[in-house]
Amino acid sequence: MSDATQPAPPLLEVEGLTVEYRTGRAWTRVVEDVSFTLDRGETLALVGESGSGKTVSATAVLGLVGRKGGRIAAGSIRFRGRELVGLPERELRRLRGREVAMIFQNPMRSLNPAYTAGEQVAEVARVHLGMGRRDAWRKAVEMLDAVGIPDPERRSRDYPHQFSGGMAQRLAIAAALCGSPSLLIADEPTTALDVTVQARVLELLRDIQQQTELAVLFISHDLGVVAEVADRVAVMYAGEVVEHGAIEELFLVPRHPYTEGLLGSIPVLGSGEPLRSIQGTIPPAGSHGAECRFAPRCAHAQPVACAVGHPGLSVVGAGRDVRCHRATDLHLEGIAR
Amino acid sequence: MSQTSAPSRPRSGRLGRASAVARREPLATFALLYLILIVLGAVLAPLLATHDPDAQQLMQRFQPWSGEHWFGTDDYGRDVFSRLVYGSRVTLQAALVAVGVSVLIGVPAGLLAGFRRGFLDAALSRVFDGLMSIPGLILALTIVAVLGPGLTKAMTAVGLIFAPQFFRVTRAATHEVMGETYIESSIAIGCAPARVVLRHVLPNVVPAILVQVSVALGVAVSAEASLSFLGLGVEAPTASWGSMLSTAAQTMTLAPNLVWLPGLLIFTVVLSFTLLGEGIRRSLAATGRKAVDE
């Protein structure tokens with residue numbers, strides 16, 4: 001319990017999170033020593049390639065890793081100062097949808113085809129707000145209206161397959177926000193959408209954030225999208241955070257070669273420069289030795305310096321951390337303004 | 001596509017959707033209509049029957065088709081049409097008993113196994129595998145020997161034999177649905193396991209079960225015929241399609257139409273259930289997962 005003189009703890013505090021999955025008889029580390037914090041009204045983006053552990057880190061917050069044969073091997077997740085790791089399932093259930101909600105990559109598949117739009121949203125109201133059928137329905141129609149679905153009265157009676165992708169994601173957002181959570185985990189929420197639709201969904205999320213001080217943990221592999229929404233970015237590689245910082249700093253002056261590589265692969269219209277891609281692929285989980293995990297793909301790796309040991313996450317500025325042996329002597333290229 | 005686009009399908013309500021399905025699946029639709037007719041006949045038997053189905057008129061045995069006896073009379077002078085109409089009640093009820101028993105056993109077990117996985121899944125699967133290895137007829141004979149004769153008892157045994165199919169279908173479908181994002185989403189909004197299974201998994205498993213129900217009803221109708229033919233079904237005067245076939249077989253050379261009338265009914269009803277099941281399966285595959293993509 002916090003003392004009155006102490007500052008209030010951040011909304012979400014993840015520290016040293018390590019997640020393992022069962023592979024046969026052994027446990028494989030998928031996420032290792034991941035730490036981040038998130039305050040109300042703030043957006044933190046977890047960025048990385050597929051398999052970098054960003055989704056696993058985020059679902060750990062909801063206590064969902066156990067469902068697919070995973071476990072939290074170490075670390076702590078505190079929400080409003082309350083420890084979530086080791087919390088009984090019953091307590092976690094009370095949290096899900098009410099305090100922490102989640103939306104998924106493919107809105108079409110995250111909606112139950114057997115229920116109408118109104119029923120999907122009303123369910124949250126019934127589970128968490130203890131509302132009766134009629135009140136929950138009214139609340140659902142209100143929510144559809146709030147996320148900008150036109151003609152909510154009529155649309156609430158439609159089934160998910162009758163919605164376009166963008167409208168379906170709005171519907172999923174309506175369901176997620178129905179319990180008025182203070183944290184939304186958005187797992188690649190716009191990846192499956194058209195670019196124009198993407199922009200409007202991002203705009204909706206921003207509007208909601210301004211109105212309600214909602215904190216968003218935004219998972220994406222697309223730095224272009226991240227630039228639109230995030231306040232801070234944590235770049236993940238092979239299960240670790242390799243760089244963390246405020247969005248402008250990180251984009252303008254990346255300190256980790258992997259971040260530089262990611263930024264280099266954003267197409268810039270009219271620049272005439274070829275895209276820089278990162279050679280190679282992410283190493284499979286569990287195959288890491290005691291050296292820098294990015295070294296084999298790194299353009300700046302030095303045979304001796306980078307093979308000596310696993311680099312720790314070091315502070316290189318206010319709210320700025322980098323996991324690189326050469327963090328101090330490298331000058332990397334960011335995005336030119 | 002723009003965000004505000006209307007759904008691509010014409011929105012003419014349930015009736016419109018039904019007629020679209022009917023056009024795509026004419027055979028299954030025809031089978032469904034035929035089955036509805038048969039069920040209506042069974043329900044309205046007292047109104048439809050022209051005679052008491054069990055009343056014997058020994059002076060009028062083996063009458064040909066006539067205005068008085070539409071399908072003639074049998075070896076005891078009973079009206080065949082009325083017996084077929086009343087017999088449909090017994091036969092359909094028997095089929096419902098068998099399928100009901102197997103649904104009640106197989107579906108909850110399949111849901112549980114598909115949802116919980118792990119040890120429980122393995123244990124239940126072995127139990128139902130074991131059940132599958134019991135020869136159905138022998139089990140039916142044993143149950144009748146122990147509990148005494150009666151169609152309901154025999155059909156309960158048949159239901160027990162069908163149960164593994166329902167277990168397997170339900171388990172596989174549950175397993176598949178559990179991998180869907182909307183199930184993860186339902187857990188992420190804080191649904192308790194029971195709610196996840198009953199409200200989110202079950203409605204999406206029902207279509208697969210429905211296909212199986214339709215096929216099993218057909219098999220159960222022919223199972224009733226076999227059991228009654230062997231004398232394990234209804235007792236003497238009561239008519240069922242199977243028992244009519246059985247008695248008619250003894251006088252086949254004298255009155256062949258007594259054999260082929262119930263035989264034709266059994267054949268067409270079984271075929272209709274199968275066609276219907278197949279039609280349901282196909283139209284679910286066609287529309288079930290179809291999403292309006294951007």
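The chains referred to below are lettered A, B, ... by the order of the sequence lines, with proteins before strands, and numbering in each begins at 1.
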When you look at A:S220 and A:E188, which way does the side-chain hydrogen bond (donor to acceptor under 3.5 Å, both in side chains) test go after all the steps?
CA-CA 5 Å; A:S220 183; A:E188 308 240 10; 4.6 Å; no
Taking it one step at a time, do A:T28 and A:T23 satisfy side-chain hydrogen bond (donor to acceptor under 3.5 Å, both in side chains)?
CA-CA 6 Å; A:T28 307; A:T23 43; 2.6 Å; yes
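With a 4.5 Å cut-off on side-chain heavy atoms, A:L46 and A:F218 do not count as touching.
In A:R109, the CZ atom is not crowded: 12 or fewer heavy atoms of neighbouring residues, nucleotides or ligands sit closer than 6.0 Å.
Per-residue heavy-atom pair counts under 4.5 Å with chain B were compared for A:A114, A:G97, A:S110, A:A101, and the maximum is reached by A:S110. Ranking B:P203, B:A188, B:S186 against chain A, the residue ahead of the rest is B:A188, based on heavy-atom pairs under 4.5 Å.
We find that B:E278 and B:R282 are joined by a salt bridge, their nearest charged nitrogen and carboxylate oxygen being less than 4.0 Å apart.
Within the 4.5 angstrom heavy-atom criterion, atoms from both the backbone and the side chain of B:R199 approach chain A. In this structure, chain B has a heavy atom under 4.5 Å from the backbone of A:L111, while its side chain stays farther away. Residue contact with chain B, scored on non-hydrogen atoms closer than 4.5 Å, is absent for A:R94.
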